[in-house]
Amino acid sequence: MRRLVLCAIASLALYFAAFAFVLDRPLSLGLLRLEMREKLARGAALPSPKLVILAGSNGPYSHSCRVIGAMLALPCENGGIAVGIGLDDLFLRWLKLLHRGDIVYLPMEVQQYDISRAANRMDVDGAMLFRHDRALLWQMPPGRILGAAFDNTMPDGLEALAEMAARAAGLGHLRARLAREEDAEGDEIGTSLATADRAFLAGLHRVEPSARAIRDGYGTVLIGRFVAAAAARGVIVVGGLPTDFRDVRLPQADISAIGGVYRQHGGRFLELANHSRYPRADFYNSEDHLAQPCQYFHSMLVARGLARLLHRRLVAPAPAMLSLAATCPQETLPPAQHSVRTSRASRRAGPGPPAG
């Protein structure tokens with residue numbers, strides 16, 4: 001029995017040492033780490049008051065800091081990153097960089113509200129935290145620390161060996177790839193309507209969580225804590241709805257449940273007239289990912305909504321922004337009618353054609 005216990009202890013020590021100090025996934029997880037690091041560095045360098053967008057991939061794909069920041073006359077960083085990054089991780093990093101008068105807009109994916117505590121413990125960022133950010137990991141609850149410590153498996157170890165070998169051979173130029181995919185404000189770029197995956201988009205379908213699941217979700221707990229902590233610092237927190245297909249039903253009870261998360265903890269909530277719903281023709285490769293012309297179109301509506309909500313002066317979008325937004329299919333209007341609506345919006349310094 002003693003030998004068995006010693007072997008178990010030795011195997012655990014070997015496992016922890018390997019994944020904490022030796023094995024790494026510099027390609028699959030390295031891009032996420034680089035993206036997070038660069039977004040945080042740019043956000044830390046922005047003067048206050050500033051605007052920060054936080055969400056999953058819906059943030060950078062469907063929202064443009066370049067557009068919203070310019071229209072609100074605020075420096076802006078799009079801090080949204082893949083849903084696999086835990087909300088507790090995301091919020092811990094960003095809360096330190098927020099100051100009185102800053103504005104945070106959170107168009108969180110609906111699925112992030114009802115995530116369970118167990119699922120959050122096993123998010124993909126657990127491996128990154130355990131390997132590279134243990135100081136941050138120790139600030140989290142014991143369950144999250146244990147989840148990160150035991151997040152890796154044998155296939156992960158084999159993948160790490162392959163990725164480390166590929167990186168040593170000079171493959172995987174992450175910084176160049178990130179520069180191709182994101183602009184200097186953290187927005188996703190290059191997602192043109194011409195390269196959108198129409199067949200894949202046509203087959204996508206998911207069921208939104210119920211209002212009760214949203215209210216009871218562990219993600220809701222984490223978001224509520226962040227809103228309260230940020231509001232206590234004098235930060236203005238505004239929740240919003242994520243972009244999604246218009247043909248996917250979003251009950252009013254769900255919208256009320258999402259809005260309540262922010263209002264009950266000292267934040268505000270922005271609900272656009274179209275509930276951030278768009279035709280499938282406006283998307284790129286997922287429900288949460290608008291193609292860039294429609295990213296601009298939606299961002300103009302968000303900027304207008306935020307300006308009203310925050311009583312800020314709205315600056316007219318640049319002609320190039322209006323031109324790109326005007327190519328979004330949206331209501332599939334005839335070109336002439338589309339052009340008229342765009343020019344009218346420009347004359348009144350609004351954000352382009354209103355959604356239907």
Side-chain angles (χ1 to χ4, degrees), residues 18-45 52-66 77-94 97 108-109 111-112 120 122-137 147-148 151-153 155-192 195-197 200 284-292 295:
F19 285 105
F21 301 107
V22 180
L23 297 176
D24 196 9
R25 281 179 279 172
L27 303 184
S28 59
L29 299 185
L31 185 64
L32 284 174
R33 286 191 63 241
L34 177 63
E35 182 182 5
M36 175 76 84
R37 193 163 63 243
E38 295 206 348
K39 287 174 181 284
L40 289 165
R42 290 193 300 262
V52 174
I53 299 173
L54 294 181
S57 57
N58 173 68
Y61 271 92
S62 292
H63 299 80
S64 171
C65 252
R66 176 163 292 180
E77 177 62 32
N78 199 326
I81 200 164
V83 169
I85 301 295
L87 291 179
D88 47 2
D89 184 353
L90 185 71
F91 293 152
L92 267 175
R93 295 177 192 269
W94 277 101
L97 307 181
M108 291 286 175
E109 286 86 340
Q111 288 69 27
Q112 288 186 281
N120 186 76
M122 301 306 293
D123 269 332
V124 69
D125 64 332
M128 295 192 297
L129 287 165
F130 190 66
R131 177 67 174 85
H132 297 284
D133 296 297
R134 288 187 291 276
L136 183 68
L137 180 60
D151 193 48
N152 293 287
T153 63
D156 293 325
L158 295 175
E159 184 177 340
L161 291 172
E163 289 192 23
M164 290 166 68
R167 186 63 182 273
L171 302 178
H173 301 288
L174 301 183
R175 194 169 296 278
R177 177 181 169 186
L178 190 61
R180 290 194 302 269
E181 294 178 355
E182 290 189 354
D183 64 18
E185 285 83 21
D187 306 329
E188 194 74 21
I189 57 175
T191 54
S192 71
T195 57
D197 194 338
F200 181 68
Y284 183 66
N285 62 358
S286 171
E287 299 98 331
D288 305 305
H289 300 173
L290 287 173
Q292 193 170 2
Q295 174 203 60

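Numbering of residues begins at 1 and proceeds along the displayed sequence. None of these values were measured; they are calculated from a predicted model. Values below: all heavy atoms of this structure, side chains included; hydrogens, waters and symmetry mates excluded.
- Across every non-hydrogen atom of M122 and G147, the tightest pair is SD-O, 3.8 Å.
- Pairing each heavy atom of G126 with each of A148, the nearest pair is O-CB, 3.4 Å.
- We find the CG-CG distance between L161 and D156 to be 11.0 Å, quoted to the nearest 0.5 Å.
- To the nearest 0.5 Å, the span separating CE on M36 from CG on D89 amounts to 5.0 Å.
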*For I81 and L90, what are the C-alpha separation, side-chain angles and deciding distance, and is it a side chain to side chain contact (heavy atoms under 4.5 Å, CB included)?*
CA-CA 9 Å; I81 200 164; L90 185 71; 4.0 Å; yes
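- The shortest distance between side-chain heavy atoms of M108 and N58 does not fall below 4.5 Å.
- Across every non-hydrogen atom of G157 and L23, the tightest pair is CA-CD1, 4.1 Å.
- Taking 4.5 Å as the limit, every side-chain heavy atom of L31 sits out of range of all side-chain heavy atoms of R25.
- The side-chain heavy atoms of W94 and L40, taken from C-beta on, include a pair separated by under 4.5 Å.
- To the nearest 0.5 Å, the span separating CD on Q295 from OG on S62 amounts to 7.0 Å.
- Using modelled atom types, no side-chain atom of E182 and backbone atom of E188 make a donor-acceptor pair closer than 3.5 Å.
- Applying the side chain to side chain donor-acceptor pair (under 3.5 Å) test to R33 and every residue at least two apart in sequence or in another chain returns nothing.
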Given side-chain hydrogen bond (donor to acceptor under 3.5 Å, both in side chains), test S192 with Q292 step by step and report yes or no.
CA-CA 6 Å; S192 71; Q292 193 170 2; over 6 Å; no
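- The structure places NE2 of H132 at 12.5 Å from CG of D125, a figure rounded to the nearest 0.5 Å.
- Between R167 and D24, no side-chain nitrogen of the basic residue sits less than 4.0 Å from a carboxylate oxygen of the acidic one, so the salt-bridge criterion is not met.
- Nearest heavy-atom pair, L174 versus L27, reported as atom, atom and distance to 0.1 Å: CD2-O, 4.2 Å.
- Here M128 contributes atom CE and D151 contributes atom CG; the two are 10.0 Å apart, rounded to the nearest 0.5 Å.
- Under a 3.5 Å cut-off, the side chain of N78 and the backbone N or O of H63 do form a donor-acceptor pair.
- With rounding to the nearest 0.5 Å, the separation of OG in S64 from CG in D183 is 6.5 Å.
- For the pair D187 (side chain) and R66 (backbone), a donor-acceptor distance under 3.5 Å is present.
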*Steps toward salt bridge (Lys or Arg N to Asp or Glu O under 4.0 Å) verdict (E181, R177)*: CA-CA 6 Å; E181 294 178 355; R177 177 181 169 186; 3.0 Å; yes
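- Formation of a donor-acceptor pair under 3.5 Å by the R42 side chain with backbone atoms of E185 is not found in this model.
- Nearest heavy-atom pair across G86 and D123 is CA-OD2, 3.2 Å.
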**Message:** Evaluate S57 against H289 for side-chain hydrogen bond (donor to acceptor under 3.5 Å, both in side chains), listing each step before the verdict.
**Reply:** CA-CA 7 Å; S57 57; H289 300 173; 2.7 Å; yes
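- Heavy atoms only, all atoms of each residue included: Y61 and T191 are closest at CE2-CG2, 3.8 Å.
- Residues meeting the side-chain contact (heavy atoms from CB on, under 4.5 Å) test with A20, sequence neighbours left out: F130, R134.
- Counting only distance, with no hydrogens or angles, the side chain of Q112 and the backbone of E109 share a donor-acceptor pair below 3.5 Å.
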